[in-house]
**Student:** 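Here it is, the structure in full.
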Amino acid sequence: MVVMSLRTAPSHRFVYSPDGMQLATYEFGDPAAPTVVVVHGFASSAVANWHLTGWTRDLTRAGFHVIAIDQPGHGASDKPHSPAAYTMAILVADVQRVLDAYLLDEVDYVGYSLGARVGWQAACELEGRVRRAVLGGIPDGDPLRRFRIADARAHIEHGTDVDDRLTGAYLTMARAVPGNDLRALVALVEGMRGGSQPGAENAPAQPLLFATGSEDRILEASRALARAAPDAAFVEIPGRNHFNAPTARAFREAAIGFLSSPGTPVSPR
């Protein structure tokens, strides 16, 4: 196994999604070990969310094989500008295609924010393949419903000021990451709207660990979602908000403790 500096971006391998898009994936650790699939949040990437923050290092040290995915519109993956490319059904199908490409029958799943929402749905639809999941920074309902798509597009095209706080915050976050395509990310917001949302009526049956920052505005909504799931635990990440929770050692330690616990082991590849 190659020891890699956290400052070094790993090389990626493309997997083709069912609709022909290139999905960038990254592999860490011993392929014979139990596998954890990690999926990042909105406007982030596999490298930024999981590698530079120490997750890939700590997961491999704990004896896991890690596959990280750049979701469509992010990182080194393709970045279409059509909202139709970003439905929840497509994002879940992308996860399944990655599992197939790496010949993975059963995996653990760790997702943050957007990646956690995809993980919730993937756990429901891929129940035989996702054995348990860590869902960080996930609220109930549809957090994108208040995003003003027309205002965002006007800002991107013409430099128009954005008055809405939430829309402005999303755009600022997206612009802060080098290589992000704002048009693609706005298309993702539009494509993700509506459809199935996390709630008691569609809660996964697998063991789940929820983790949300103590300073995150969605803390209570995330806690309520954990209560709605039949087999779930909740961890409050002290002193962290929605944007910096993935960097917290307490989050990593809680997740690895959950994934390492006996009772629902993932079969080696």
**Student:** Restricting to side chain to side chain donor-acceptor pair (under 3.5 Å), what partner residues turn up for Arg97, sequence neighbours left out?
**Tutor:**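 Side chain to side chain donor-acceptor pair (under 3.5 Å) check on Arg97 returns nothing, list empty.
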**Student:** Testing the basics here: between Leu185 and Gly73, what is the closest heavy-atom pair and its distance to 0.1 Å?
**Tutor:**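 What the structure gives for the nearest pair is CD2-O, 3.5 Å.
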**Student:** Who pairs with Asp70 by side chain to side chain donor-acceptor pair (under 3.5 Å), at least two apart in sequence or on another chain?
**Tutor:**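 Here the qualifying residues are Tyr26.
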**Student:** For Asp94 and Pro18, work out which heavy atoms get closest and say how close.
**Tutor:**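 Here Asp94 and Pro18 meet closest at OD1-CD, 3.7 Å.
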**Student:** Can you name the closest pair of heavy atoms from Pro230 and Ala203 and give their distance?
**Tutor:**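 Closest pair (atom of Pro230, atom of Ala203, distance): CD-CB, 3.9 Å.
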**Student:** Less than 4.5 Å apart, any side-chain heavy atom of Leu208 and any of Val134?
**Tutor:**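 The answer is no; the side chains never approach within 4.5 Å.
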**Student:** So Thr212 and Ile237, side chain to side chain contact (heavy atoms under 4.5 Å, CB included) or not? Walk me through it.
**Tutor:** CA-CA 6 Å; Thr212 301; Ile237 308 165; 5.8 Å; no
**Student:** Which residues pass the ring-ring contact (aromatic ring centres under 6.0 Å, His included) test with Phe210, not counting sequence neighbours?
**Tutor:**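 Testing Phe210 for ring-ring contact (aromatic ring centres under 6.0 Å, His included), a comparison that skips the adjacent residues, returns none.
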**Student:** Side chains of Pro72 and Leu23: does their closest heavy-atom pair fall under 4.5 Å?
**Tutor:**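 Side chain of Pro72 against side chain of Leu23, heavy atoms only: contact under 4.5 Å found.
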**Student:** Can you tell me how far the CD1 atom of Ile90 sits from the CE atom of Met21, to the nearest 0.5 Å?
**Tutor:**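 Nearest 0.5 Å value for the CD1-CE distance: 6.5 Å.
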**Student:** Could I get the full list of side chain to side chain donor-acceptor pair (under 3.5 Å) partners for Asn202, not counting sequence neighbours?
**Tutor:**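 Partners of Asn202 by the side chain to side chain donor-acceptor pair (under 3.5 Å) criterion, ordered by chain and then number, come out as Trp120, Ser196.
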**Student:** Can you tell me how far apart CG (Leu99) and CD1 (Ile69) are? Round to the nearest 0.5 Å.
**Tutor:**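 One finds 7.0 Å between CG of Leu99 and CD1 of Ile69.
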**Student:** Could you walk me through whether His155 and Thr160 pass the side chain to side chain donor-acceptor pair (under 3.5 Å) check?
**Tutor:** CA-CA 4 Å; His155 174 74; Thr160 307; over 6 Å; no
**Student:** Looking at Glu106 and Arg132, does any basic side-chain N land under 4.0 Å from a carboxylate oxygen?
**Tutor:**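 The answer is no: the pair does not qualify as a salt bridge.
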**Student:** Can you tell if the side chain of Gln96 reaches within under 4.5 Å of the side chain of Arg129, non-hydrogen atoms only?
**Tutor:**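 Result yes, sub-4.5 Å side-chain heavy-atom pair found.
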**Student:** Would you list the atom pairs, donor with acceptor, under 3.5 Å between side chains in residues 36-49 and any protein atom, with sequence neighbours excluded?
**Tutor:**
| unit_1 | atom_1 | unit_2 | atom_2 | d |
| --- | --- | --- | --- | --- |
| His40 | NE2 | Gln71 | N | 2.9 |
| Ser45 | OG | Ala48 | N | 3.1 |
| Asn49 | OD1 | Gly41 | N | 3.0 |

**Student:** Going from CG on Leu91 to CG on Leu114, what distance comes out if it is rounded to the nearest 0.5 angstrom?
**Tutor:**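 With rounding to 0.5 Å, CG (Leu91) is 6.5 Å from CG (Leu114).
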**Student:** Which pairs with one or both residues in residues 215-246 pass ring pair (Phe, Tyr, Trp, His ring centres under 6.0 Å), sequence neighbours excluded?
**Tutor:**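 Listed by first then second residue: Tyr112-His242.
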**Student:** Among side-chain atoms of His74 and Asp181, is any donor-acceptor pair under 3.5 angstrom?
**Tutor:**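 Judged by distance alone, the side chains do not pair up.
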**Student:** Walk me through whether Asp163 and Asp151 qualify under side chain to side chain contact (heavy atoms under 4.5 Å, CB included).
**Tutor:** CA-CA 9 Å; Asp163 296 326; Asp151 290 357; over 6 Å; no
**Student:** For Thr60 and Thr56, work out which heavy atoms get closest and say how close.
**Tutor:**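 Looks like OG1-O, 2.8 Å.
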**Student:** Rounded to the nearest 0.5 Å, how far apart are CG of Leu225 and CZ of Arg117?
**Tutor:**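 Result: 9.5 Å between the selected atoms.
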**Student:** Which pair of non-hydrogen atoms, one from Glu127 and one from Ala205, has the smallest distance, and what is that distance?
**Tutor:**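 Heavy-atom minimum between the residues: OE2-CB, 3.9 Å.
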**Student:** Between Trp50 and Phe28, does the ring centre distance come in under 6.0 Å?
**Tutor:**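 That pair fails the under 6.0 Å test.
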**Student:** Within the distance-only criterion (no hydrogens, no angle test), does the side chain of Gln206 pair as donor or acceptor with the backbone N or O of Ala123 below 3.5 angstrom?
**Tutor:**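 The answer is yes, because a donor-acceptor pair under 3.5 Å joins these two groups.
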**Student:** Are Leu182 and Leu166 connected in the hydrophobic side-chain network, where two residues link if heavy atoms are under 4.5 Å apart?
**Tutor:**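 Hydrophobic grouping puts Leu182 with Leu166.
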**Student:** Distance check, rounded to the nearest 0.5 Å: Asp19 atom CG versus Asp78 atom CG?
**Tutor:**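 Between atom CG of Asp19 and atom CG of Asp78 there are 9.0 Å.
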**Student:** Using the salt bridge (Lys or Arg N to Asp or Glu O under 4.0 Å) rule, collect all pairs that involve residues 222-238, keeping only residues at least two apart or in two chains.
**Tutor:**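 Every pair satisfying salt bridge (Lys or Arg N to Asp or Glu O under 4.0 Å) with a residue in residues 222-238: Glu220-Arg223, Arg223-Glu236.
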**Student:** To the closest 0.5 Å, what do you measure between OH (Tyr102) and CD1 (Ile67)?
**Tutor:**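 The OH atom of Tyr102 sits 4.5 Å away from the CD1 atom of Ile67.
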**Student:** Begin with the C-alpha distance, continue with both residues' side-chain angles, and end with the deciding distance and a verdict on side chain to side chain contact (heavy atoms under 4.5 Å, CB included) for Met192 and Thr87.
**Tutor:** CA-CA 5 Å; Met192 288 287 293; Thr87 66; over 6 Å; no
**Student:** Using distance alone, with no hydrogens and no angle criterion, decide if Arg240 and Thr247 have a side-chain donor and acceptor under 3.5 Å apart.
**Tutor:**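 There is such a pair (donor and acceptor under 3.5 Å, judged by atom type) between the side chains of Arg240 and Thr247.
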**Student:** What residues form a ring-ring contact (aromatic ring centres under 6.0 Å, His included) with Phe14, not counting sequence neighbours?
**Tutor:**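 His12.
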**Student:** Measure across Pro80 and Ala187 and return the closest heavy-atom pair with its distance rounded to 0.1 Å.
**Tutor:**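 In this case the closest contact between Pro80 and Ala187 is O-CB, 4.5 Å.
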**Student:** Suppose we screen for salt bridge (charged side-chain N to carboxylate O under 4.0 Å, His left out). Which residues come up paired with Glu125, at least two apart in sequence or across chains?
**Tutor:**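 With neighbours one apart ignored, the set is empty.
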**Student:** Enumerate the residue pairs fulfilling salt bridge (Lys or Arg N to Asp or Glu O under 4.0 Å) with a member in residues 247-259, sequence neighbours excluded, ordered by first and then second residue.
**Tutor:**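 For residues 247-259, and leaving out neighbouring residues, the salt bridge (Lys or Arg N to Asp or Glu O under 4.0 Å) pairs sorted by first residue read Asp58-Arg252.
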**Student:** Under the salt bridge (Lys or Arg N to Asp or Glu O under 4.0 Å) definition, can you give me all pairs with a residue in residues 204-218, not counting sequence neighbours?
**Tutor:**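 For residues 204-218: none.
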**Student:** Should Val189 and Met88 be regarded as members of a common hydrophobic cluster, given that ILVMFWY residues are connected when their side-chain heavy atoms come within less than 4.5 Å of each other, either directly or indirectly?
**Tutor:**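 Result: yes, single cluster for both.
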**Student:** Among all residues two or more places apart in sequence or in another chain, which pass the side chain to side chain donor-acceptor pair (under 3.5 Å) test with Arg183?
**Tutor:**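 Side chain to side chain donor-acceptor pair (under 3.5 Å) list for Arg183, sorted by chain: Glu157.
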**Student:** Under the criterion salt bridge (Lys or Arg N to Asp or Glu O under 4.0 Å), I'd like the reasoning laid out for Asp105 against Arg131: C-alpha separation, chi angles, the key distance, then a yes or no.
**Tutor:** CA-CA 10 Å; Asp105 293 327; Arg131 294 289 300 271; over 6 Å; no
**Student:** In this structure, would Tyr109 and Val98 fall into the same cluster of hydrophobic residues linked by side-chain contacts under 4.5 Å?
**Tutor:**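 In one cluster: yes.
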**Student:** Check the pair His65 / Asp30 against side chain to side chain contact (heavy atoms under 4.5 Å, CB included), numbers first and verdict last.
**Tutor:** CA-CA 5 Å; His65 171 236; Asp30 181 358; 5.6 Å; no
